[in-house]
> 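So that we are looking at the same thing, I have put the structure below in structure tokens.
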Amino acid sequence: MPELPEVEVVRRSLEPRLVGDTFRSLTVRDPRLREPVDRANLERRLVEREVLRLRRRAKYLLVDVAGDSTLVIHLGMSGRLTLVAGEAPVEPHEHLALGLASGGRLRLRDPRRFGLAFAVATGALAGDRHFAHLGPEPLDAAFDGGALARAARGRRGPVKSFLMDGRVVVGVGNIYASEALHRAGIHPRRSVARIAARRWDLLVEACREVLSEAIERGGTTLNDFTNADGEGGWFQVSLRVYDREGRPCPRCGRAILRIVQSNRSTYYCGGCQR
DNA sequence: CGTAGACCCTGCGCGC
DNA sequence: TGCGCGCAGGGTCTAC
């Protein structure tokens with residue numbers, strides 16, 4: 001479900017309501033996520049700690065608390081992180097809940113269980129195995145056409161898979177990879193070995209644009225994505241190709257095509273993507 | 001080494 | 001109405 005914009009939207013909606021509050025309790029109802037939830041470690045690192053700040057790295061949400069600990073949450077495909085009233089009824093697939101001093105409850109639901117929740121020392125985050133190999137943030141200034149071109153050197157394969165490789169750039173998932181390539185006019189199957197410098201620049205700009213616009217619009221709600229307040233986003237109405245097979249390309253009017261790459265659907269326009 | 005594909009899991013929408 | 005199938009926003013492991 002969530003790519004970079006959706007995680008960022010959750011972060012922004014959560015931040016003003018969480019910072020300054022204190023975790024008072026932890027309930028793990030179902031530890032079965034992508035990696036088993038370590039209840040004791042979460043309890044030790046989080047309970048009775050004040051929330052200092054919320055950050056995001058790639059598609060991971062980071063909640064720093066007092067005492068040099070960080071709660072790391074990944075939403076996988078179907079994870080939803082919401083802040084509800086403390087007495088709100090438990091919902092299906094509510095894996096864990098953190099009670100807050102203010103009376104609220106931070107709830108993580110994840111039907112498909114591809115998500116993650118764990119806690120580590122804040123200072124050890126960068127070296128953690130989940131983060132050590134990650135590439136640059138697409139919205140950082142350090143990410144530019146040159147960075148992409150260097151990453152592509154000596155590599156083969158289609159540009160769409162390349163764009164979704166977290167070692168190259170983080171946060172670009174299946175929706176926004178298709179959208180960015182359409183905006184840049186690049187065919188998703190084009191080999192990374194056959195992309196000129198100028199087109200890498202265009203692609204970087206397209207990524208920045210589409211990700212920023214999606215954040216502004218509250219993310220893409222195709223099915224069930226919501227921010228921490230349970231509100232959906234609106235960027236789905238601005239999607240130009242994703243999930244629009246057979247409908248007209250907004251630029252040239254030709255029918256949008258769907259192909260499968262690495263077992264994931266790719267949408268593109270055969271007319272204006274080369 | 002890099003890349004392509006399978007796989008983890010549940011829910012939903014569709015066609016029959 | 002009910003059932004089976006295909007598909008879904010991510011990441012990782014294996015086989016080549």
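Every chain is numbered from 1 and lettered A, B, ... according to where its sequence line falls, protein lines coming before strand lines.
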> Indicate if A/F114 and A/M164 have the same hydrophobic cluster label, given that clusters are the connected sets of ILVMFWY residues with side-chain heavy-atom separations under 4.5 angstrom.
no
> When you check the side-chain N and O atoms of A/R45 and A/S69, is any donor under 3.5 Å from an acceptor?
yes
> Using a cut-off of strictly less than 4.0 Å, decide whether A/R34 has a side-chain nitrogen or oxygen near OP1 or OP2 of B/dC9.
no
> Only one of A/V159, A/D165, A/L163 forms a side-chain contact (heavy atoms from CB on, under 4.5 Å) with A/V192, so which one is it?
A/V159
> Could you tell me whether A/E94 and A/R105 make a salt bridge, using a distance below 4.0 angstrom between a side-chain N and a carboxylate O?
yes
> The side chain of A/R264 lies closest to which of these nucleotides: C/dC7, C/dG9, B/dT10?
C/dG9
> Phosphate oxygens OP1/OP2 of C/dG9: is one of them under 4.0 Å from a side-chain N or O of A/S78?
no
> Toward the 5' end of DNA chain B, which comes first, A/S161 or A/P111, by nearest nucleotide?
A/S161
> Using a 3.5 Å cut-off on both pairing distances, which stems of three or more Watson-Crick or G-U pairs include DNA chain C?
B:2-8 with C:10-16, B:10-16 with C:2-8
> Minimum heavy-atom separation for A/P16 to A/S13, with atom names?
CD-O, 3.8 Å
> C/dG9, C/dT12, C/dA8: which one has an atom nearest the side-chain heavy atoms of A/Y267?
C/dA8
> What nucleotide among C/dG9, B/dG11, B/dT3 has an atom nearest to a side-chain atom of A/R156?
B/dT3
> Pick the nucleotide of DNA chain B nearest each of A/N223 and A/D165; which residue has the one closer to the 5' end?
A/D165
> I need the CE-P distance between A/M164 and B/dA4, as an integer number of Å.
13 Å
> A/N263 has a side chain; which of B/dG5, C/dG9, B/dG11 sits nearest to it?
B/dG5
> Check the phosphate of C/dG10 against A/H74, side-chain N and O only, distance under 4.0 Å to OP1 or OP2. Yes or no?
no
> Measure the distance from CD on A/E245 to P on C/dG6 and round it to the nearest whole Å.
16 Å
> Rounded to whole angstrom, note down the C1' distance from C/dG9 over to B/dT3.
23 Å
> Looking at A/H187 versus A/Y268, is the centre-to-centre ring distance below 6.0 Å?
yes
> Do A/T266 and A/S178 have side-chain N/O donor and acceptor atoms under 3.5 Å apart?
no
> Could you give the distance separating B/dC9 and C/dT14 at their P atoms, to the nearest angstrom?
16 Å
> Just checking A/Y176: base, sugar-phosphate only, or nothing, at a heavy-atom cut-off of under 4.0 Å?
nothing
> Working note: A/S265 + A/Y242, criterion side-chain hydrogen bond (donor to acceptor under 3.5 Å, both in side chains); need CA distance, chi angles, decisive distance, verdict.
CA-CA 9 Å; A/S265 289; A/Y242 186 84; over 6 Å; no
> Would you say A/H130 places a side-chain N or O within less than 4.0 Å of OP1 or OP2 belonging to C/dG11?
no
> Please state how far atom CZ in A/R109 lies from atom C1' in B/dC9, giving the value in whole angstrom units.
16 Å
> Expressed as a whole number of angstroms, how long is the span from A/R153:CZ to B/dG2:C1'?
17 Å
> May I ask you to list the residues of residues 112-121 of chain A, by number, that have any heavy atom positioned under 4.0 Å from an atom of DNA chain C?
A/R112, A/F114
> Please state how far atom NZ in A/K160 lies from atom C1' in B/dT3, giving the value in whole angstrom units.
15 Å
> Parallel, tilted or perpendicular for A/Y60 and A/H130, by the 30°/60° rule?
perpendicular
> In whole angstroms, how far is the P atom of C/dC7 from the OH atom of A/Y242?
12 Å
> Tell me what A/P92 touches on the nucleic acid: a base, only sugar-phosphate, or nothing, going by heavy atoms under 4.0 Å.
nothing
> Give the rounded distance in Å between these two atoms: CG of A/L33 and C1' of B/dC8.
12 Å
> Give the rounded distance in Å between these two atoms: CZ of A/R56 and C1' of C/dG10.
15 Å
> Working to the nearest 0.5 angstrom, can you tell me the gap between A/L61 CG and A/L14 CG?
6.5 Å
> Assign A/R155 to base, sugar-phosphate, or nothing according to its heavy-atom contacts below 4.0 angstrom with the strands shown.
sugar-phosphate
> Atom CZ of A/F225 and atom CD of A/Q236: how far apart are they, to the nearest 0.5 Å?
10.0 Å
